[in-house]
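Below you'll find the structure, written out as structure tokens, and then a few comments.
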Amino acid sequence: MSVIRTPGGLSVSYRPRALFVGAGCVVLAVVAAVLAIGSGEYPMAPDEVVRTLIGQGDPADAFIVNELRLPRTVTALLVGAGLGLCGAVFQAVVRNPLGSPDILGFTTGASAGALVVIVLAGGSSAFLAGGAVVGALVTGVLIYALAWKGGLHGFRLVLVGVGMTAILTGVNSYLITRADITDASRAVLWMTGTLDGRGWDDVMPLALGMVVLVPLVLLGCARALRMMEMGDDAAAALGVRVERTRLALLGAAVLLVALSAAAAGPVAFVALVAPQVARRLTKSPGPNLLPSLCMGATLLICADLVAQRAFGDHQLPVGVVTGVVGGGYLVWLLATERKAGRI
């Protein structure tokens with residue numbers, strides 16, 4: 001642990017290895033973003049992409065980059081960052097490496113809300129975002145109420161979340177069967193998780209949400225969350241209002257899940273994998289919120305680059321790539337936890 005002291009008497013502590021990991025993720029994410037912007041039917045070299053981004057490209061390149069490709073890349077970075085951060089919050093709150101919104105049911109709840117809009121109302125992107133937010137919040141309230149018993153125990157929250165996921169999966173399947181073929185195709189593609197065709201209208205709700213929620217989590221609740229990892233009694237003895245802080249963290253994380261799902265669909269396993277990879281690279285105790293945020297953005301933009309380039313002219317939805325990689329990681333994580341006797 002290192003400390004920086006300012007002339008005004010303030011001190012900021014940081015871990016050099018965690019700072020290095022976060023910086024490395026940012027560099028890798030920027031490189032992957034430049035390569036992703038240069039991909040497509042009209043390929044562009046990295047130097048051409050950079051020149052266009054700083055305003056020195058010709059009008060045709062500027063239109064392709066700024067209007068067609070940059071919104072998709074920004075969406076990937078923001079969705080990945082939001083999922084990485086909310087995954088770290090969930091895993092810290094429930095004190096379980098399996099505590100991600102994919103497994104706890106919040107992502108499925110956001111999908112149910114969005115599907116209601118797509119299938120029953122045929123709504124626009126703005127209505128889709130609203131439906132996902134409402135679905136995730138309703139699911140969060142139900143899970144919180146069902147898991148509450150004189151407090152919120154992490155293992156109980158995981159079990160209730162798994163059950164809620166199963167119920168909502170059935171609801172989502174039913175909604176798709178009620179739709180006509182066009183809306184059903186649109187819904188299935190969205191549920192896979194895709195960044196195709198994303199525009200600035202898809203970016204803005206998520207960007208505005210993160211401007212509010214990320215500082216709330218990183219600056220307002222990070223210290224209390226570190227104390228809560230020692231146990232509720234120890235945190236309360238140190239002056240933390242445990243239940244109020246837990247509710248605020250879960251609320252912020254659920255909103256991040258909902259806004260991310262509205263922007264790109266329920267992209268699988270990023271929220272599960274990013275905090276675990278960040279923790280193993282930083283080798284630091286605690287929730288590792290900022291490294292998880294950076295890792296999530298890096299994982300999703302790299303997955304989108306693979307989805308665009310790895311299969312020739314045929315592009316895959318980014319959720320297929322994250323599902324394959326994340327599913328393999330989940331199997332490894334379960335085997336590791338079983339070997340250690342924790343499950």
Side-chain angles (χ1 to χ4, degrees), residues 78-115 129 131-144 146-147 152 154-169 171-172 190-193 206 209-210 213-214 217 221 225 246-278 287-289 292-293 295-297 299-300 303 318-319 322-323 325-327 329-330 333:
L78 292 180
V79 169
L83 292 176
L85 180 59
C86 73
V89 170
F90 279 121
Q91 291 177 18
V93 168
V94 304
R95 299 175 204 146
N96 191 317
L98 298 178
S100 81
D102 308 301
I103 295 173
L104 296 179
F106 298 102
T107 301
T108 315
S111 300
L115 279 176
V133 170
V134 171
L137 288 177
V138 170
T139 303
V141 170
L142 289 174
I143 292 175
Y144 194 91
L146 292 172
L152 195 66
F155 186 68
R156 190 185 306 122
L157 183 65
V158 172
L159 291 178
V160 172
V162 170
M164 188 64 67
T165 299
I167 295 172
L168 290 173
T169 299
V171 172
N172 292 347
W190 182 85
M191 289 181 66
T192 304
L206 176 58
M210 292 191 70
L213 296 172
V214 171
V217 174
C221 300
L225 184 59
R246 182 180 285 124
L247 183 60
L249 284 166
L250 288 176
V254 169
L255 284 173
L256 283 173
V257 171
L259 292 171
S260 298
V267 180
F269 291 118
V270 174
L272 173 70
V273 174
Q276 292 298 310
V277 175
N288 286 283
L289 297 179
S292 297
L293 182 150
M295 182 62 67
L299 289 177
L300 192 55
V318 69
T322 61
V325 176
Y329 178 83
L330 177 60
L333 180 61

What are the two closest heavy atoms between T165 and G105, and how far apart are they?
OG1-CA, 3.0 Å
Closest heavy-atom pair, A262 versus A132, reported as atoms and distance to 0.1 Å, is CB-CB, 3.9 Å
Taking side chain as C-beta onward, heavy atoms only, is L255 less than 4.5 Å from L137?
yes
Would you give the length of the straight line joining atom CG of L78 to atom CG of L256, rounded to the nearest 0.5 angstrom?
10.5 Å
Side-chain contact, heavy-atom cut-off 4.5 Å: F269 with I103?
no
To the nearest 0.5 Å, atom CG of L83 lies from atom OG1 of T322 at 9.0 Å
Measuring from atom CG of N288 to atom CE of M295, what distance do you get when rounded to the nearest 0.5 angstrom?
10.0 Å
First locate atom SG of C86, then atom CG of L289, and finally report the distance between them rounded to the nearest 0.5 Å.
11.0 Å
Closest heavy-atom contact between M210 and A81?
CE-CB, 3.9 Å
If we only count heavy atoms from C-beta on, is the V273 to V325 side-chain gap below 4.5 Å?
no
Applying the side-chain contact (heavy atoms from CB on, under 4.5 Å) criterion to R246, which one of V94, V89, V93 satisfies it?
V93
With rounding to the nearest 0.5 angstrom, report the CG to CG distance, L249 to L225.
5.5 Å
Hey, does L206 have a side-chain heavy atom less than 4.5 Å from the side chain of S260?
yes
Flag side-chain contact, heavy atom, 4.5 Å: L272 against Q91
yes
So, do T108 and T139 sit near enough that their side-chain heavy atoms are less than 4.5 Å apart?
no
I want to check something: taking the side chain as every heavy atom from C-beta on, are L115 and M191 in contact at a cut-off of under 4.5 Å?
yes
Contact between I143 and F106 at the side-chain level, heavy atoms closer than 4.5 Å - yes or no?
yes
